[in-house]
Each structure stands twice: as structure tokens, then as C-alpha cells.
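Below is one structure; the comments refer to it alone.
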Number of protein chains: 4
Amino acid sequence: MLDVETAPRSRMNKDLRREAILTEAIRALSEKGYHGFSINELARRCGLTTAGILHHFGSKQGLLIALLDMRDRLDQQAILPLLAPEDRRVPSTRDSCLTTLRAIMARNAEQPEIIRLYAILRTEAVVPDHPAFTFFRTREMAVLNVFRDMVSDLVPDPLSTARQILALIGGLEMQWLRESRIFDLVAEWDSAISKILPPPS
Amino acid sequence: MLDVETAPRSRMNKDLRREAILTEAIRALSEKGYHGFSINELARRCGLTTAGILHHFGSKQGLLIALLDMRDRLDQQAILPLLAPEDRRVPSTRDSCLTTLRAIMARNAEQPEIIRLYAILRTEAVVPDHPAFTFFRTREMAVLNVFRDMVSDLVPDPLSTARQILALIGGLEMQWLRESRIFDLVAEWDSAISKILPPPS
Amino acid sequence: MLDVETAPRSRMNKDLRREAILTEAIRALSEKGYHGFSINELARRCGLTTAGILHHFGSKQGLLIALLDMRDRLDQQAILPLLAPEDRRVPSTRDSCLTTLRAIMARNAEQPEIIRLYAILRTEAVVPDHPAFTFFRTREMAVLNVFRDMVSDLVPDPLSTARQILALIGGLEMQWLRESRIFDLVAEWDSAISKILPPPS
Amino acid sequence: MLDVETAPRSRMNKDLRREAILTEAIRALSEKGYHGFSINELARRCGLTTAGILHHFGSKQGLLIALLDMRDRLDQQAILPLLAPEDRRVPSTRDSCLTTLRAIMARNAEQPEIIRLYAILRTEAVVPDHPAFTFFRTREMAVLNVFRDMVSDLVPDPLSTARQILALIGGLEMQWLRESRIFDLVAEWDSAISKILPPPS
DNA sequence: TATGAATGAGCTTTCATTCAT
DNA sequence: TATGAATGAAAGCTCATTCAT
């Protein structure tokens, strides 16, 4: 019997393999959402079997959880230093706010796939039995709190302002994606935030 | 044996039936998105067969199209009068802008399921082969245009302002859904729009 | 494209199809038991798709239930007349007992597959979460009651006698199956029952 | 990071481990039969990997064979002394028969799981391609022979009597299991055997 | 205006097994 | 003495769809 193109059954280091899978999973998930994507297709894209995927993550849901865990770690690593470069305290001057938020937007603008991933999961996850429901609920409350503290010395309504900032981030990113990124996301952000945090007269 | 316990076999008027199906479809779609929902389950929820659904809409995609058509008509009916009550021209004073936008938000706040429907479809539809891709692309460009014209006499950067308005609408609605509607969406809107369209000094 | 042996998609009457499936299911189940048999293979043996089977019975468990229902009806039809030919009252003379039991054994001897079906399901079903647990529990209690009433005028310990009769039926049938039916089941039965219900001296 | 929470990693003696696995296997097999049980689940219950199980027994079938071997040895050890306490010859008086059989039943009554194991395997194994087919065929012929010799001086039809004894053992045990062991198996046995081996008048 | 039978493709998951470590 | 990665096959089941009635 001819050995017709049986893949070399490449044996990989555990962490490497997991990471490779999760990277591909981001693409798949960001295209179809949790309900729409299939680990079958993911496996194909990764060059291994469905059973191979499940060997690493146990179940479709397990895969999602692992993915969110990883993203959380990465985001934490990237955002925390921004929030408090030297003394790790939440910033409070208008300038530091602007710098921080701008940095966040600039970073996001470089990974549109992640934006799309979060956009779709976050939206799916408003219904309570979605496996990422708690994740996004918790995360967005935390973000809201950080933003609120960040602007607490600058505006009379810190929570509402925090909501507006969060809304604008998500909303502008969405438009940016829909319009195939033809406009300058960071420039648009600057325009927006300047109205929410107006310069001291 | 007599056919005693067959369901009422509601032989319905065609249009009524279609509408009933679409109403149920909104719930299903808003929970799982286009990829995640199934016409099988929809049929069950409607009390008819999968083939019955298909009889009316031809295919899953046909159902979505029909649904978007219907929503478009309804939205048009509701929004157009708001935009130009007496002379159907786009308004331009700050007050009329605020009134219009407030009315939109107030209306949305009364139909959270529709909000969720649009939120999820809009997000799924950023990828070009989604059946609602064109719909949302077109619609959001149109909305952006309307908003831009609406504020063209009030701000120096009408398109950016339009973007910010659109972003805030979507973003605040999303927070509102995620937090189980515990805050006052319209009040939050008033706070937000007052920063985007500041009162003349 | 060549139409390579696509089966004619034979469209059958509902009840006929169900019966055909159930008949095949008996063979499959009697060979492997509920856990061991697969509706996949059953479908193949029936010349239709797995989905086709499930269209009729909903699930593997549904199929088993339907099968047991059918068997119950058939057995009732066959056994009841035996138990009380003319007046439908439970018999009580030794002769009528012997006649009845002999008829049961003779009937069983003609359908070894059914014997094997019951043997395996009955055994699997001693564990409470088996889908046929209740069925066999109920059925055997009923049978025990019938036997007990049947012999109540003939022996001092009717329930124990009933147990012995039931045990002998099942046990001898099992030996008969294992030994490829090389001995005469009915003759062996006669020998056995004559010790349990000895002739009046 | 220190490898803090790794399980005790019980590096076990080979024979001990095999025995431990087989003990768990009895539970699993007695619940689902050979076709229904899975070495995956067995592994989980044993606290080791599927590959771990396979390391010891080679294959699922190998495991079953090993299990039957072990049981055979244990049963032999327990039953042989009963059959011929002092001179290892088959007993022949009615009293010694009764004693022996009673001892067997008493022993069985103490290990219901084993009863269930044999019940299900024995039943599955009537079909010739079952891996335990030969085992049970051989074993039951042997048992039948022993019983026949045992009663050869007491009854006119020793083989039939042997069949009846074997049938009653299995049948009463089955009822006992199904009825959650609420009746006294040994007492019921005494009643049954007294009819098969009636006291000399 | 719908249903009912049936399908092909796909889903998530489990299974027994192999092989290198 | 075991594990860990990986697989091919199969499991039960759901999906969207077709077609005759």
C-alpha cells in the first residue's frame, strides 16, 4: 500500500502545540464566533486531527476557556505597564490619561483580528449561558472601574465618562473593521477622546 | 382511530405566519447569531416543521434576508418621522438633533431584543462572506451620512462626530445589555451626547 | 457525474418502515446489547441513513423504548390467550398450568432471537440507569405475580414456586442458546416443571 | 515553579497494579458488559492513563482474558475444596450435595458484583465471536459435568438435573439482583433445591 | 399551506490503539 | 512502570435541504 501523503505526525512540545492551536483558533473564532466555529475545521487548519485538538483542551468549551485565559494574560502584560509606567499607581492627570488610552488604541490597531475576536465573543456572551458570559462580565466591570478611577479627578461624572470611553473604543473599532480599516483609528480616537476629556479652559 | 390529539393545526394566513416566524426568529438569532441558530429549533419554537419554515423562506439565508427586510421597513417607519417630522428634511439645530437622537435611544430602550439582534448580526457581519455583510455595510454608511448631515452645521468635524454618535449608541447599548439593563440607558445617553454636541457657550 | 449505486431512496409507509427497522434492531440488539449495538450499523443493515433511523425514533433510547413497546404488545397478544383460553381467568389446575407453561416454552423455542434479545437486555437492565430498567423490573414482577396466582392452589409456597419457574425458564433457555440449541428445550422443560409441580400422589 | 500538586504518582508493584486494575474492571464490566465498558473510563477510575492500562494488558480483549483467568483461579480455589473436602473426589450423598451447593450459593450471595459480572458476560458470550465465548462454553460444560456426576447416584436423569440446578442458580441470582437483593437468596435456594433433589421417602 | 420521509454533510465527543519518551 | 501526543474510526446526534404528497 502506498503511503499517500500521510502527514509526518509531527510530534510537538506541549506548550508550543497548544499555542499554535490557540493562534489558529483566534482566526476561526473571530470569523464565526463560538457557536459558528468548529473544532473540526480548526483541526484541519492546524494540520492535526479533531481528536488531537481535544487531547489538548478536552472540549470545545475547554478550548475557549484556555484561549480566554491566554488572552487575559497577554493583555494584562501589555496594558498594566501602560496604566502605570513608573509607580504602578493609576494615573490621574489628563495627559497621562490621554497617553494611556492612546497607547491602548494604538496597540489594538495593530491586531485587528484580536479586536474582531473580542467584538464577536463579547457580543455573543451577553446571553448568560454563553461559556464566556462571566469572563466578559467580569472583565468589563474591571475595565470600567479602572477607567472610572483614571478620570475621577478630571470629570464630575467619572462612571459615566468611563462608560463613554469604553463605548467609544468598541464602537470606533467596529466601524474601523466594517470599513476595512480605511480610516485612521488612532486619529479618530484622538478626536473622540478630546470631547470626552476636554482640555482645561 | 380518530385524530383526537393533533395540535390545533393552525392553518394560518400566509403573511401572518411569516410574521410569526420572523418574530420567533428574532429571539433565536439574537441569542446565537446567524451561524449559531438553527431553523430546526426555530421550527420547534414556532410549532411547525423545518420543512414548513423552508416553505416560507426557501433557505436559512432567505429567512435572514426576509428578516432584515422586515426590520428595515419597521425601522424606517419609526425613524424617518423622527428625523424630519413636518418637512422630511434633515434637521439641523442642536435641539432637534438632541430630540431626534433621544427619541431613537428611547425607542431602542424599549426593545432590548432588537438591540441584541442587531448587535450580534452587525458584529458577525464584519466578515465579507456573511449573508448580512452588505446589509450592515450599506446601512451603517447611510446612518453615518444621516448623522453627518444632521450635525454638519453644529460641529467642525461632522463625519467624526457622526462616528462618535454611532459608536456611543452601540457601545452604551452593549453595556446596558451586559449589565442586565440595570442602568438608565437614556440618561446615560444624555450625558454622552452632551459632550459630543456641547451647548453653545 | 456517474450515478454510482445511489440507492433508490425507497420511500416507505411509516408503520412499515418502523416495523422493518425494529425487526433488524432485534437482531442487532440481541447480538451486542443496548450499549454495544450502534444505530449506525443498524442503519446500514436497514439500507438507510443513520439520520433516517433517527427520523423515526428520535434517539437510540427512543428506539429501544419503541422496540420494547412493540414486543410487549406482541407478547401480550400471544400469552394472554394461553393464560386463559375461554374465560380469561387465571388457571388453577395442575394440568392447565402445565399446558400453559409448555405453550410458552414451545413458543419461545420458535424464536431464539427473541430469547436472546430478552436475555441480554434483561441482564444489562439490572443496573438502574439502564433505559430498560423499569421495563424489566415491572415486567418481571408482573410475571411473578401471574405465576404465583397460577400455582396458588397447587403448592404451599406459591411465590417461591413462581420464582423457581421463572428461573428455570430463563436458565434453561440460556443453556439452550449457548449449546447452539442442540437439546430439546421443551423436553427439558417438561422434566424441570414436573419437579416443581409434582403430580399429586 | 515546584511540582507541587502532582498526584501521589503511585509507582506500584506490577502485580499489585494489575490486580487493582482488574478489581476496578469488574465493576465497570458488570455494569455495562464487554461491549459497553471502555478502558478509557476504567483508566480514569483507576487513576492512570488509558495507555497505562494498555501497558499492562495489551488490549481491551487482553484485559478481559486476564480478568477471566484471575476469576477462574479464584473460583477454583474457593469451589474445589467445597466439592471434595477430604478426598477430592466428587461427593455423592444427598447431604453432601446440599451442603456443597448451599456453600456455593452462600459464597455468591456475598459478592453480588461478581454475580452481575458473570451474568452479563455469560449472556453476551452466547454469540460465537464474543471474546469470552469459549471461556463460558467450556466452563458451563465443565460445571454441568460436575453437577451431573454429583447427582448421578441420586436421580434417574443426572444431566437434566444438572441443567436444572445450573438454571436455578443463575435464574434466582438474576431475580435477586433485579429486586435489589431484598429477598434471602440462600433461603430461596434451599426451597428450590429441595424440589430438585427431594428427600428420600 | 404545510408535512413527512429521507439524505449528506457536519457536529462534538469517545474509543482503542500506537509509539516515542 | 508508566505517560503524553496523536491518530483513525466510530459513536450519537443535528443541520439545512429536497422532494413527493
Side-chain angles (χ1 to χ4, degrees), chain A residues 6-14 16-18 35-41 43 47-56 58-63, chain B residues 6 9-14 16-18 35 37-43 48-63, chain C residues 6-14 17-18 35-43 47-56 58-63, chain D residues 9-14 16-18 35-43 48-63:
Chain A
T6 337
R9 191 199 259 253
S10 71
R11 199 184 171 79
M12 237 187 198
N13 168 287
K14 184 177 185 177
L16 247 61
R17 176 64 87 186
R18 280 178 64 103
H35 297 300
F37 109 109
S38 98
I39 56 181
N40 259 8
E41 194 207 336
L48 55 106
T49 342
T50 308
I53 302 274
L54 290 166
H55 169 64
H56 287 286
S59 70
K60 187 182 177 182
Q61 186 162 332
L63 173 70
Chain B
T6 14
R9 160 82 76 161
S10 56
R11 200 79 165 185
M12 240 189 192
N13 168 289
K14 196 170 186 173
L16 246 62
R17 176 64 89 184
R18 278 177 64 103
H35 296 301
F37 109 109
S38 99
I39 57 178
N40 271 11
E41 195 206 336
L42 174 60
L48 59 145
T49 332
T50 308
I53 302 275
L54 258 11
H55 168 67
H56 286 287
F57 301 100
S59 71
K60 187 183 178 181
Q61 186 162 330
L63 172 69
Chain C
T6 335
R9 191 200 258 256
S10 71
R11 199 184 172 79
M12 236 187 199
N13 169 287
K14 185 177 185 178
R17 177 65 88 184
R18 281 177 64 104
H35 297 302
F37 108 109
S38 96
I39 56 180
N40 262 8
E41 194 206 337
L42 174 60
L48 52 108
T49 341
T50 308
I53 302 274
L54 290 165
H55 169 65
H56 288 285
S59 69
K60 187 182 177 181
Q61 185 162 333
L63 173 68
Chain D
R9 160 83 74 160
S10 58
R11 199 80 164 182
M12 240 188 192
N13 168 289
K14 196 170 184 173
L16 246 61
R17 176 63 89 183
R18 279 176 63 101
H35 297 301
F37 109 109
S38 99
I39 59 180
N40 272 9
E41 194 206 337
L42 174 61
L48 60 147
T49 332
T50 308
I53 302 274
L54 257 10
H55 167 67
H56 286 286
F57 301 100
S59 70
K60 187 182 177 182
Q61 186 161 333
L63 172 69

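Note on naming: letters A, B, ... go to the chains in the order of the sequence lines (proteins, then strands), and numbering restarts at 1 for each one.
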Quiz item: Can you name the nearest heavy-atom pair linking B:A43 to B:T50, along with the distance?
Solution: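 Closest approach of B:A43 to B:T50, heavy atoms only: CB-N, 3.6 Å.
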Quiz item: Where do A:I39 and A:I53 come nearest, in terms of heavy atoms and distance?
Solution: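 That closest heavy-atom pairing would be O-CG1, 4.4 Å.
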Quiz item: Between C:N40 and B:I39, which is nearer to the 5' end of DNA chain F once each is assigned its nearest nucleotide?
Solution: C:N40
Quiz item: Starting at the 5' end of DNA chain F, which residue's closest nucleotide do you reach first, C:T50 or A:H55?
Solution: A:H55
Rounded to whole Å, how long is the line connecting atom [atom1] of [X] with atom [atom2] of [N]?
X	N	atom1	atom2	value
B:L48	F:dA16	CG	C1'	15 Å
C:L42	F:dA10	CG	P	16 Å
B:F57	E:dT1	CZ	P	12 Å
B:H35	E:dC11	NE2	P	13 Å
C:K14	E:dT3	NZ	P	13 Å
A:E41	E:dA9	CD	P	17 Å
A:K60	E:dC11	NZ	P	9 Å
A:L16	F:dA6	CG	P	11 Å

Quiz prompt | Touch class at under 4.0 angstrom, heavy-atom based, for C:S59 against every strand present | solution = sugar-phosphate
Quiz item: Base, sugar-phosphate alone, or nothing: which one does B:L54 contact when heavy atoms must sit under 4.0 Å apart?
Solution: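 Contact class for B:L54: base.
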Quiz item: Backbone N or O of B:E41 within a donor-acceptor pair of the B:S38 side chain at under 3.5 Å?
Solution: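 Confirmed, B:S38 side chain pairs with B:E41 backbone.
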Quiz item: Donor-acceptor pair, C:S59 side chain versus C:G62 backbone, under 3.5 Å?
Solution: yes
Check whether any side-chain N or O of [X] sits under 4.0 Å from OP1 or OP2 of [N], and answer yes or no.
X	N	value
B:H56	E:dA2	yes
D:S38	E:dC15	yes
B:R17	E:dA2	yes

Quiz item: 5'-most contact on DNA chain E: A:F37 or B:I53, nearest heavy atom basis?
Solution: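 So the residue in question is B:I53.
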Quiz item: Atom CG of B:L42 and atom CG of B:L63: how far apart are they, to the nearest 0.5 Å?
Solution: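 Reported to 0.5 Å precision, the distance equals 6.0 Å.
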Practice problem: Toss me the dot-bracket line for DNA chain E: Watson-Crick and G-U wobble, both under 3.5 Å, 5' to 3', using | for pairs to another strand and [ ] for crossers. | Solution: .||||||||||||||||||||
Quiz item: C:A51 side chain: which of E:dC19, F:dT7, E:dG8 is closest?
Solution: E:dG8
Quiz item: For B:H56, which residues count as a side chain to side chain contact (heavy atoms under 4.5 Å, CB included) partner, sequence neighbours excluded?
Solution: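 By the side chain to side chain contact (heavy atoms under 4.5 Å, CB included) rule, B:H56 matches B:K14, B:R17, B:R18, B:I21.
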Exercise. For residues B:K60 and B:F37, determine if any side-chain heavy atom of one lies less than 4.5 Å from a side-chain heavy atom of the other.
Key: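 Counting from C-beta outward, B:K60 and B:F37 do come under 4.5 Å.
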